[in-house]
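Below: one structure, written as structure tokens.
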Amino acid sequence: MLDVKRIRDQRDLVRERLASRGAGDEAKVDQALEVDAQRRQLLAEVETLKAQRNRVSKEIGALMGQRKLAEAEARKAETRQIGDRIAELDGKVAALEGARDQVLLRLPNLPHESVPVGRTAEDNVVVRMWGEKAVSTFPLLPHLDLCSRLKLVDFGRGAKLSGSGFLLYTGWGARLERALISFLLDLHTGQHGYTEVSPPYLIGRDCMVGVGQFPKFEDQAYAVQEGLDSSTLGRLYLLPTAEAPVANIHREEILSDAQLPIRYVAYSPCFRAEAGAAGLGTRGMIRVHQFDKVELIKIVRPEDGYAEHEKMVADAERVLQLLGLHYRVVLLCTGDMGFASAKTYDLEVWAPGQGQYLEVSSCSNCEDFQARRMNCRYKLADGGNRFPHILNGSGTALARLFVALIETHQQADGSVLIPEPLRPYLGADRLPLPACCP
RNA sequence: GGAGGGGUGGCAGAGUGGUUGAAUGCGGCGGUCUUGAAAACCGUUAGGGCGGUGACGCUCUCGGGGGUUCGAAUCCCCCCCCCUCCGCCA
């Protein structure tokens, strides 16, 4: 959430930065300010009345103490109607505050000045590449073929169980998925300084609001209900990313300066309804309703925010390097960035069987946007409280990583060679062809 | 799910309608004393909002919300969370 005071003080700058996203949100700025101005005016009025009431109440207390009862009664009568007026104004102030926040919660973050201005993914900037597209003497198969040949994923039965967009990993496929999760967690905890956490997969509404997922993207989430009690629907949601619970760990807290920087890594499955994207035509594992992801979260001092952001990208890149996968790093333009982000790098890995780059990581610095929403602060040496920068990044998403891995490392004989660092986790150096199939 | 107990400042723990935003203890910070440190003693120590250049002023907050009252941490109602016991259960 943007700081109202900042919107007030730097109105033009805020409008201009919002406009650069190309979503027309700058129009809401005046609306928020107008409601806020009304609120402040009424607030001043009601607080004056409250001061008056408090003063008289104390006097009444003193009179009662002196047994001047008649006088006390007179004062009471005098003050009685002030209470009604206060209640009335309190109600109005609360309503205006609600209206203001309604607007503020739907305003996206301001893009950082280093973000290129643009409208769509076309305007994103490739900042660097690593490795090269695989060249092969034999035709490289897409992952769908590899999965069925090697019996890694049973798409048909996955759909039977839960509908399209749900995967049933089988045999070596299931094992590879598990190996990747362990490999990623060990890498980030062991070499990159993150602390492992394992969050609940069902999370409260506040988590979703805190990271900026709600109220704007409520239609993208899976809401659950307890048994047959429909009144419980919407109390809990399946997490769309571990970012939602993990970034909220310190919600409503005042951290000490010494606690920062905080770096968490968490594995979780991710559930996305992808409403409106149904029948998108992406077969296989590229776009699904449930996938695994290892997520990185940082809570850092604002002055460290962007240095930590670059390090986070490097941490995610390290995954792809160790797995020998060609990728590119893309700096998203203003129009392509997520709601909460001030600056985002995507990591896109090359999938030779698809002939395209797949997004496997998105690393964002949300600055204090989320911290404000969740009221997470830290205490400075001078006693003041400050909102930290909160960063999130995939390290990395798994289904697409799985695709790139098997497509990149497939062999002429149909098996898949496993990169050295992953072998101890898999307990094998290749995914073999099932004995029964050529 | 049932019965009972409880949620107060960083922590512990008083406070059952009136000058209590809150005793006391611990911890933290500053100071006196000391060659230094400890002990002792003195002082200080929550967050939000609004206004003011500022010193500061006002206001709200004792799990959350509503109510009674001139006035609520204290009384009433609803909800949430934690603890103990019982039931069910991976």
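Just so we're on the same page: letters track the sequence lines, and every chain starts at 1. This is a predicted model, so every value here is computed, not measured.
With both ends at atom P, the span from rC62(B) to rG5(B) equals 23 Å, rounded to whole Å. Comparing the P positions of rC82(B) and rG28(B) gives a spacing of 31 Å, expressed to the nearest Å. With both ends at atom P, the span from rC81(B) to rG64(B) equals 15 Å, rounded to whole Å. Going from the C1' atom of rU8(B) to that of rC56(B) covers 29 Å, rounded to whole Å.
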Q.
Output one letter per nucleotide in nucleotides 58-75 of chain B: B when a protein non-hydrogen atom lies under 4.0 Å from the base, S when only the sugar-phosphate is that close, - when neither is.
A. BSS---------BS----
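For the pair Arg205(A) CZ and rC80(B) C1', the computed distance is 17 Å after rounding to whole Å. Rounding to whole angstrom units, CE of residue Met374(A) and P of rG47(B) are separated by 21 Å.
Base pairing of rC58(B) is made with rG49(B), judged by Watson-Crick or G-U wobble geometry with both donor-acceptor distances under 3.5 Å. Searching all strands for a Watson-Crick or G-U wobble partner of rA3(B) with both distances below 3.5 Å returns rU84(B). Using the Watson-Crick or G-U wobble rule with both distances under 3.5 Å, rG43(B) pairs with rC29(B).
With sequence neighbours left out, Glu420(A) forms a salt bridge (Lys or Arg N to Asp or Glu O under 4.0 Å) with Arg423(A). For Lys311(A), there are no side-chain hydrogen bond (donor to acceptor under 3.5 Å, both in side chains) partners, not counting sequence neighbours. Not counting sequence neighbours, the partners of Tyr194(A) by the ring-ring contact (aromatic ring centres under 6.0 Å, His included) test are His188(A). Under the salt bridge (Lys or Arg N to Asp or Glu O under 4.0 Å) criterion, Arg80(A) pairs with no residue at all, not counting sequence neighbours.
The side chain to side chain donor-acceptor pair (under 3.5 Å) pairs that include a residue from residues 46-57 of chain A are Lys50(A)-Asp90(A), where partners are two or more places apart or lie in different chains.
Under 4.0 angstrom from either OP1 or OP2 of rG47(B) there lies at least one side-chain N or O belonging to Lys379(A). Side-chain N/O atoms of Asn375(A) include none lying less than 4.0 angstrom from OP1 or OP2 on rG48(B). Look at Arg40(A) and you won't find any side-chain N or O under 4.0 angstrom from OP1 or OP2 of rG49(B).
By the 30° and 60° cut-offs, the orientation of the rings of His309(A) relative to Tyr345(A) is tilted.
Using a 4.0 Å heavy-atom distance criterion, Arg8(A) is classed as a sugar-phosphate-only contact.
Between the side chains of Lys379(A) and Asn385(A), a donor-acceptor pair is found at a separation under 3.5 Å.
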